[in-house]
*Asks:* 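Quick one: the structure is below, and I'll ask about it shortly.
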Amino acid sequence: MLALVDGNNFYCSCERVFQPRLKNRPVVVLSNNDGCAIARSDEAKALGIKMGTPWFKIRHLEEEAGLVAMSANFALYGDMSDRMMTLAAGLGHMQEVYSIDESFIDLSGIPGDLVRRARIIRRRIHQWIGIPTCIGIGPTKTLAKLANAIAKSAERKPGSYPAHHAQICHLGACSREELGQLLQATEVGDVWGVGPRIGAQLRAQGVHTALDLQRMNPAAAKAGWSVMLEKTVRELNGVPCIEFEDEPPAKQQIACTRSFGHPITELQDLQEAITEFACRAAEKLRRQNSHTVHIMAFIRTSPFREKDPQYSHSASIPLPSPTSDSAHITQAASAILKHIYRPGFKYAKAGVMLMDLQPATRRQLTLDLDAEMPENRVRLMQAMDEVNQRFGRGTLHLASAGTTGRHRAWAMKQERLSSGFTTDWTGLAVTF
DNA sequence: TCTGGGGTCCTAGGACCC
DNA sequence: TCTGGGGTCCTAGGACCC
C-alpha cells in the first residue's frame, strides 16, 4: 500500500503561515516576473481564477474581491517543503519526494489502522509546520494519486464525494462497489497521466470516467495510445506498474531559463544574463556531481507581442571534454550567444541547457599540453560554491555576469515578494 | 505595459549496419 | 516476371507532470 501526502495550495499555504492576514482571503502566488498565477487559495479558485492566468487579466480582482497576489518566494517554499517532507516520512519506512509539495510513502508492512496513522501525521504537519495537507492511500501510485484528489475534492466541494473521504481517503479499504462508485464520479481527465489531449481522445471514444478507463482492455490502451496509458489502466486495477523511487535518479539534463523583467536589445545585457544562467546551471550540475558534454543556449522575443518583429534561435555545441566548470560552460554558452544574436529585436527570454550528463567520476583522459591543472579548477569551483552557499548566491561570480553598480537591465520583476521568513536572518517574522 | 520554469518518457522515422 | 531481412542508434516532436 502507498500513500501520497500533498500540501494544499502549497505556495499559498506557505505565505499564509507567516502572514495570517491572508487567511480566509483569496490569494494567488505569481510566477517569476509576476507573470501569471501558479498557485491559488481555495477562495481564489472560487473566484474562477484558473491555473496560469496572466496577472494583468485578474488584477481588477484586487479591488473588486480583495484578491492578494504574492511574488513567488521559492527559497521559502523550498525550505518549508523540506520541513514538511521530514514529517511526512514518518508515515511509513520509505519516501519518494515527487515534487516540492508531494511525496509518496511506502506503507507495506505497516501494521494497524492506516487511516488513523495518516490522521496523526496530517495533524502533526499542520501543527508543527502550519501547512494543511491531504493524504490519499491506495495499492498503486495512480490509485494513491486518485485517493488524494478525492480527499481534496471531498474537503473543498462538499457533495462531490462522500464526506468521510475528506482530507484522508483510503481506496484500499473500500469495498469493490464503493471503489466503483468513486471511480465513476471521477472524470477521466482527472486521472494521473491523462492530460488534455488524451482525455479528449478518450471521451471521443466513449471513455468518460475513471471507471470507464479502469474497465478498458490494457492491450487496446496500448494499441490505441501508448504503453503509458496501458500502465495507467493496469494501475487503476491495482496492479503496480510505476516504480517507487527511493532516491532520486541523477538528472539527464539541467536547464536555467528566464524571462526578463523588461525586453532587452543589447548584446552585453544578454551576455550577462547568459553568463548567470550558465553559472546557475553549472552549480546544479556540480551539486549532483555530474559533468556535461553538450551545451545549448537560446534567445527569443516575446510571442505575445505580436506586433513586434519575432526572432527565436538556439544552437548547441559539444565540449572538448566533460566538465562542470562554470567558466568553461559560460565560455561555450557565450560563444553560442554571439553566433545566434541579431540586433534590432526586443528579447524577452533566454536560457542555457546542459545535456548528455554523465557522472563526474567517469573520466576521459586526453593529451592536452595546454590544459590547466584540472584539480585546481575543481578546487576553485568547490571554493566558489562554498562561499556562495555561506554568504549568499552571487557573492562570488564571473565578471561577465556583470559588475556591481551596473544596472541589470534584465532583472526579474518581483514587486510583491515576502521575506525569507525561514531562510534569511534579516527576514525573520518579528510580529504577528 | 503586462503571459513561468523545469523536467520525464514514448514513438515514429531515418540512417546505418551486416 | 523477378530485387531480403533483421537489427540498432539517433533525433525530433508530442504528451505528460508539477
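Residue numbering restarts at 1 for every chain, and letters A, B, ... go by the order of the sequence lines. Keep in mind that this is a model prediction, so the values were computed, not measured.
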*Asks:* Nearest-Å distance, CE (A:M353) to P (C:dA12)?
*Replies:* 13 Å

*Asks:* OP1 or OP2 of B:dC9 versus the side-chain N and O atoms of A:K231: is any pair under 4.0 Å?
*Replies:* no

*Asks:* Roughly how many Å is it from CD in A:Q252 to C1' in C:dC10, rounded to a whole number?
*Replies:* 15 Å

*Asks:* Between A:R122 (side chain only) and A:T133 (backbone N and O only), is there a donor and an acceptor less than 3.5 Å apart?
*Replies:* yes

*Asks:* Counting only side-chain nitrogens and oxygens, does A:R258 get under 4.0 Å of the OP1 or OP2 atom of B:dG6?
*Replies:* yes

*Asks:* Under 4.0 angstrom, heavy atoms only, what part of the nucleic acid is A:I100 near: base, sugar-phosphate, or nothing?
*Replies:* nothing

*Asks:* A:E243 has an atom CD; how far is it from atom C1' of B:dT8, in whole Å?
*Replies:* 15 Å

*Asks:* Scan A:D101 against the nucleic acid and name what it touches under 4.0 Å (heavy atoms): base, sugar-phosphate only, or nothing.
*Replies:* sugar-phosphate

*Asks:* Remember a base hit wins even if backbone is also touched, and classify A:K145 as base, sugar-phosphate or nothing at under 4.0 Å, heavy atoms.
*Replies:* sugar-phosphate

*Asks:* Closer than 3.5 angstrom, by distance alone: can the side chain of A:N33 be matched with the main-chain N or O of A:G35 as a donor-acceptor pair?
*Replies:* no

*Asks:* Of all the nucleotides listed (B:dT11, B:dC9, B:dG4), which has the minimum atom distance to the side chain of A:M228?
*Replies:* B:dC9

*Asks:* Any side-chain N or O of A:S226 less than 4.0 Å from the OP1 or OP2 oxygen of B:dC9?
*Replies:* no

*Asks:* For A:T292 and A:M355, indicate whether the former's side chain and the latter's backbone hold a donor-acceptor pair under 3.5 Å.
*Replies:* yes

*Asks:* Please state how far atom CD in A:E245 lies from atom C1' in C:dC18, giving the value in whole angstrom units.
*Replies:* 15 Å

*Asks:* Send over the distance from A:E415 CD to B:dC2 C1', rounded to a whole Å.
*Replies:* 10 Å

*Asks:* Judged by each residue's nearest nucleotide on DNA chain B, which is more toward the 5′ side, A:N33 or A:K222?
*Replies:* A:N33

*Asks:* Heavy atom of residues 45-57 of chain A under 4.0 Å from DNA chain B: which residues?
*Replies:* A:P54, A:F56

*Asks:* Which whole-number value in Å describes the distance from A:R197 CZ to B:dC9 P?
*Replies:* 22 Å

